[in-house]
Each structure stands twice: as structure tokens, then as C-alpha cells.
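Comments concern the structure below.
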Protein chains: 2
Amino acid sequence: MESGKGAKTRQRILDAARVSVLAKGFSNTTIDEIRAEVGLTKSGFLYHFEDKTSLAKALLNQYVAEDDRIFDEIFDRAAQLNDDPLHAFLIGLKLLAEAMGDLPNAHPGCMVAAVAYHDKQFNHEIRDINRGALLSWRERFLAMLEAAAERYPPKVDVDLQKLADMLSSAMEGGIVLSRAFDTPSHLADQILLYRQFVSAVFLGTRD
Amino acid sequence: MESGKGAKTRQRILDAARVSVLAKGFSNTTIDEIRAEVGLTKSGFLYHFEDKTSLAKALLNQYVAEDDRIFDEIFDRAAQLNDDPLHAFLIGLKLLAEAMGDLPNAHPGCMVAAVAYHDKQFNHEIRDINRGALLSWRERFLAMLEAAAERYPPKVDVDLQKLADMLSSAMEGGIVLSRAFDTPSHLADQILLYRQFVSAVFLGTRD
DNA sequence: AACAAACCGTACTGTTGGTAGGGTTTTTGG
DNA sequence: CCAAAAACCCTACCAACAGTACGGTTTGTT
């Protein structure tokens with residue numbers, strides 16, 4: 001049971017760090033800044049995280065976990081709304097677009113991409129978490145695509161694994177656009193375009 | 001005529017900076033590191049760039065310019081190979097995928113995304129360059145899509161501007177995947193998937 | 001030769017990440 | 001309630017880095 005006071009402080013550190021990192025990037029977020037926000041001394045901070053890399057690791061892990069929860073929620077609900085695997089996936093994508101429309105900064109992709117771009121700076125452990133998250137998303141989406149493909153023979157010759165990766169890619173790319181233009185809707189737009197492609201692949205473009 | 005010795009040194013600084021920034025991110029690239037690579041003293045470096053932000057600006061500007069050149073080259077050549085606007089675009093996408101397949105790190109998207117993620121750290125000037133680049137890509141791709149749409153009535157109800165942005169998004173997302181998995185081919189794959197979507201939009205999915 | 005551009009040298013400031021180690025308060029289990 | 005462990009605080013320090021300041025020297029151009 002990790003419900004002591006320390007766990008709560010640790011979480012407050014992670015919350016403060018998340019805000020700053022998503023706003024300014026990891027390197028531009030200082031320990032002193034986070035420590036002040038939480039109301040700790042430097043020693044207090046270092047009691048919870050031995051160094052900044054350790055903080056990055058915890059931050060990324062938490063993000064990935066939260067992400068899995070969100071995906072579970074959305075696609076489970078979509079599956080409830082429609083028994084057909086393809087249409088459940090399409091409904092899930094619409095729900096996903098809605099969910100991401102307001103808060104692109106809250107999406108884990110931000111954190112994953114932020115880490116992917118920092119690259120060499122981080123140790124192997126963190127890079128593995130990153131890669132692992134992308135791989136788990138691939139498996140998740142691929143399973144749904146394969147289920148859809150069984151009932152609907154694809155009308156476009158695509159590699160389903162790449163098509164699965166395309167959703168991750170669309171989210172990462174959509175986040176870049178959203179941040180550059182400072183308009184969150186771009187992320188939702190890209191997810192919906194992906195949805196149209198999936199629809200075209202399995203259902204064709206017939207009116 | 002900017003062909004003096006200073007301009008050459010300046011370029012050597014930019015070249016060295018590019019390598020480090022793409023490998024480790026901007027914040028993790030030190031002036032001292034670049035200076036040593038070029039064989040300068042710190043004073044010598046600061047003679048060419050008054051501070052690190054000025055270097056970032058020059059780096060981004062050069063990247064965007066180089067990018068425009070590459071796009072010009074590829075899509076001009078594609079237009080030569082086929083008079084039809086749609087097929088010229090599709091050919092261009094294939095050439096683009098080939099060109100990006102080997103060297104995803106060389107793509108400006110890396111730099112643009114790196115800046116987009118750093119965000120607040122940079123001044124408005126740099127953010128504007130970034131946004132301007134994405135806007136110019138949008139216009140470029142949109143023009144080709146509109147030309148295609150005139151001859152081929154879209155079979156999928158898509159906003160052409162968003163479809164234009166989707167290519168930028170696919171490249172940015174593809175770069176994230178390529179870097180995370182350390183396999184350059186992901187970028188090419190995502191461009192080719194985008195190509196298949198464009199084909200489906202204008203030509204349909206009929207065999 | 002004159003002048004400016006392209007550097008070098010040195011010394012210094014402030015911020016940040018991180019180390020070291022002892023001290024104090026708070027929480028918790030027996 | 002009491003002892004031990006957890007959760008902090010305090011002070012001092014180091015090294016890396018960005019940036020300032022400013023005078024001096026070399027190199028290229030005309």
C-alpha cells in the first residue's frame with residue numbers, strides 16, 4: 001500500500017513537472033521551479049527523485065499508464081455501442097478525436113514525442129519505455145484492424161501493421177500541428193482523417 | 001555577395017550545430033561542443049551568433065529554405081513525368097518517400113518539431129518561422145490537391161486543407177516513429193500510406 | 001599602408017544539476 | 001506512548017553551461 005504522505009508528495013511533484021515539461025520541454029524545466037511549485041526544498045525533492053532523469057522516467061511511465069487507461073475506456077465503450085469490429089473501431093476513433101480535441105497537451109504523445117526528440121540525452125531505460133509504449137499501441141490497434149479485416153476484406157492493399165502505426169503517427173503529427181498553430185482542433189482533425197482512410201480501406205469509397 | 005571567409009565559418013557552425021541538435025536536441029547541444037568541432041574559440045563563435053537563440057533561428061531558417069528546395073525539386077520532377085495533376089502528385093509522394101526513406105534525420109520536420117516542442121523557450125520570431133513553414137507547406141500541398149480535385153471529383157468528403165496538413169502531419173509523425181524505433185523506413189511508410197489515402201480519395205477503391 | 005572583418009585571450013557573472021552530510025520534524029507501527 | 005523509520009530541512013560545495021565585457025591580434029581587401 002503506497003498511500004503514505006510520501007506518495008502524495010511524489011505525485012504532486014509529478015503533476016507540477018508535467019505542466020512545465022509540456023509547456024517548455026524537459027530540458028527547460030528546472031528542478032528548482034518544480035520544487036517551488038510543490039513547496040519543497042531541494043533536498044526534499046531529491047529525497048523523492050535521485051536525479052532529473054529519474055523524474056523523466058516516472059513522468060513517462062505515468063503518462064503511458066494513463067494513456068492505456070484512456071484507450072481502454074474509449075475502445076471498450078465503442079465496443080459496447082456496436083458489435084461489429086470495424087464499426088466499433090470507427091466509433092472509437094470518433095470518441096478519441098472528441099476526447100483529444102480539447103486537450104492535446106494532455107495526450108501522452110506529447111511526452112513520448114518530447115522524449116523521442118531528446119533521444120541521446122536519456123538512458124536506455126527511458127528509450128525502452130518510449131518504444132514499448134509505441135509497440136503496445138501498435139498491438140492494440142492492430143488487433144482491432146485484424147478483427148475488422150476478417151469481416152471486411154480490405155479494398156486497398158495495405159499492411160495492417162503499418163496502418164496500425166499510422167494512428168500513432170497521426171496523433172504525434174497532429175500534436176505537432178496543434179502546438180505550432182496553437183489550435184487544439186488539428187489533432188482531432190488528423191484522427192478523423194485517419195478514420196476516413198480506415199473506412200475507405202474496409203468499406204470502399206462507394207456512396 | 002556574402003562569399004567572404006566569415007560566411008563560410010558561419011556555415012560550418014550551422015553544419016556542426018545541425019548534427020548535434022538532431023542527435024541530442026537543442027537544449028542538450030552546447031556552444032562549446034560546436035565551437036570545438038569547428039575549431040573556434042568561444043569569442044569566435046559569439047562573433048557569428050550573439051547567442052544561442054540566434055543560432056536556433058538561423059538553423060531553422062536554413063532548414064526551411066533547404067526544405068523548400070527539396071520539395072520544389074521533387075514535385076517539379078514529378079510534374080515533368082506526368083501532366084495529370086493528380087498523378088503528378090502521387091508520383092511526387094513516391095519520390096518523397098524514397099528521398100526520406102534513407103535520411104529521416106535530414107528532414108526539416110525534425111527541426112520544426114524540435115522547435116515546436118520546445119515552444120515557450122523560444123522567442124516569437126522563431127515560433128513564427130516555424131508556423132510559417134507549416135503554412136507554406138499547406139499552401140503548396142493544397143494547390144496540388146485542388147488541381148487534382150478539379151479533374152477528379154473527390155469520392156470521399158474531405159476538407160482539402162486538412163488533407164494538405166495531413167501530409168505535414170504524416171511526416172512529423174513518421175519522424176517520431178523512425179526515431180523511436182531507430183528504423184528510418186517508418187517515415188517512408190507513413191508517406192506512402194498517405195499516398196494511398198489520396199489515391200482513394202480521388203480515384204476510389206475500385207479494382 | 002589603411003582599414004575592417006574575423007578572430008583570440010582572459011576574466012567574470014548567474015543559473016542549473018548534482019553531491020555530501022548532518023539535523024529536524026512528522027508519521028506510523030507495535 | 002514510544003521508538004523507529006519516513007519525510008523532510010539546512011548549509012556548503014562543485015562542475016557545466018550561457019552569456020558579458022573588453023582589449024588584443026591576425027587576416028583579407030582595397
Side-chain angles (χ1 to χ4, degrees), chain A residues 1-21 23-60 114-115 118-123 125-126, chain B residues 1-60 114-115 117-123 125-126:
Chain A
M1 306 300 165
E2 306 250 342
S3 60
K5 189 191 173 194
K8 281 178 190 171
T9 304
R10 190 185 153 94
Q11 189 54 49
R12 274 165 59 220
I13 293 175
L14 287 170
D15 290 341
R18 182 176 47 83
V19 173
S20 292
V21 168
K24 308 185 298 179
F26 187 72
S27 300
N28 309 303
T29 298
T30 68
I31 292 177
D32 198 63
E33 183 187 345
I34 299 168
R35 158 207 86 62
E37 179 71 31
V38 177
L40 275 179
T41 62
K42 195 171 183 180
S43 305
F45 173 89
L46 291 171
Y47 174 78
H48 292 281
F49 298 97
E50 58 177 357
D51 56 23
K52 221 186 159 189
T53 301
S54 157
L55 172 67
K57 186 184 154 192
L59 211 50
L60 193 55
V115 172
H118 278 260
D119 220 36
K120 298 274 161 49
Q121 170 194 22
F122 289 101
N123 55 34
E125 223 174 338
I126 290 189
Chain B
M1 308 301 167
E2 305 251 343
S3 61
K5 188 191 173 194
K8 281 178 188 168
T9 303
R10 191 184 152 92
Q11 189 53 51
R12 275 166 58 217
I13 292 175
L14 287 170
D15 290 341
R18 182 176 48 84
V19 174
S20 293
V21 168
L22 290 178
K24 306 185 299 180
F26 187 72
S27 299
N28 310 304
T29 298
T30 68
I31 291 177
D32 196 64
E33 182 187 346
I34 299 168
R35 160 207 84 63
E37 179 69 31
V38 177
L40 276 178
T41 62
K42 195 170 185 180
S43 307
F45 174 89
L46 291 172
Y47 174 79
H48 292 282
F49 299 97
E50 56 178 358
D51 55 23
K52 223 187 159 188
T53 301
S54 157
L55 173 67
K57 187 184 153 190
L59 211 49
L60 193 55
V115 172
Y117 270 96
H118 277 260
D119 220 39
K120 299 275 161 45
Q121 170 194 23
F122 289 101
N123 55 34
E125 223 175 339
I126 291 189

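Keep in mind the model is a prediction, meaning the values are calculated, not measured. Just so we're on the same page: letters track the sequence lines, and every chain starts at 1. Only heavy atoms go into these numbers, but all of them, side chains included; no hydrogens, no water, no symmetry mates.
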Worksheet item: Think B:His48 has a side-chain N or O under 4.0 angstrom from the OP1 or OP2 of C:dA5?
Response: no
Worksheet item: To the nearest angstrom, how far is B:Phe45 atom CZ from C:dA5 atom P?
Response: 20 Å
Practice prompt. Quickly work out the B:Ile13 CD1 to C:dA6 P distance and round it to whole Å.
Written response: 11 Å
Worksheet item: Could B:Lys52 and B:Phe26 be counted as a cation-pi pair, given that NZ or CZ must be under 6.0 Å from the ring centre and within 45° of the axis?
Response: yes
Item to complete: Could you run through nucleotides 17-29 of chain D and give me one letter per nucleotide, 5' to 3': B if any protein heavy atom sits under 4.0 Å from the base, S if only the sugar-phosphate is that close, - if neither?
Response: SBBB---------
Discussion item. I'd like to know whether CD of A:Glu37 has more than 12 heavy-atom contacts from other residues, nucleotides or ligands below 6.0 angstrom.
Written reply: no
Worksheet item: Run the side-chain contact (heavy atoms from CB on, under 4.5 Å) check on A:Asp51 and A:Ser54 step by step: do they pass?
Response: CA-CA 5 Å; A:Asp51 56 23; A:Ser54 157; 3.3 Å; yes
Practice prompt. Give the rounded distance in Å between these two atoms: CZ of B:Arg35 and P of D:dA16.
Written response: 13 Å
Worksheet item: Rounding to a whole Å, what distance do you find between B:Phe49:CZ and C:dC7:C1'?
Response: 15 Å
Worksheet item: Which nucleotide in the list D:dC9, C:dC7, D:dC8 gets nearest to the side chain of A:Thr41?
Response: D:dC9
Practice prompt. Determine: side-chain N/O of B:Tyr47 to OP1/OP2 of C:dC7, distance under 4.0 Å, yes or no.
Written response: no
Worksheet item: Quick one: is A:Thr9 getting a side-chain N or O under 4.0 Å of the D:dC8 phosphate, OP1 or OP2?
Response: yes
Response to the item:
Rounded to whole Å, CG of B:Leu40 lies from C1' of C:dA5 at a distance of 14 Å
Worksheet item: Can you tell me how far CG of A:Leu55 sits from CZ of A:Arg10, rounded to the nearest 0.5 angstrom?
Response: 9.0 Å
Worksheet item: Roughly, in whole Å, what's the span from NZ in B:Lys8 to C1' in C:dA5?
Response: 15 Å
Practice prompt. Mark yes or no for whether A:Arg35, through its side chain, and A:Thr41, through its backbone, hold a donor-acceptor pair below 3.5 Å.
Written response: no
Response to the item:
B:Asn28 atom CG is separated from C:dG17 atom P, nearest whole Å, by 12 Å
Fill in: Rounded distance (nearest 0.5 Å) linking atom CD of B:Gln11 with atom NE2 of B:His48
11.5 Å
Item to complete: Can you sort out the partners of A:Thr30 under side-chain contact (heavy atoms from CB on, under 4.5 Å), two or more places apart, ordered by chain and number?
Response: A:Asp32, A:Glu33
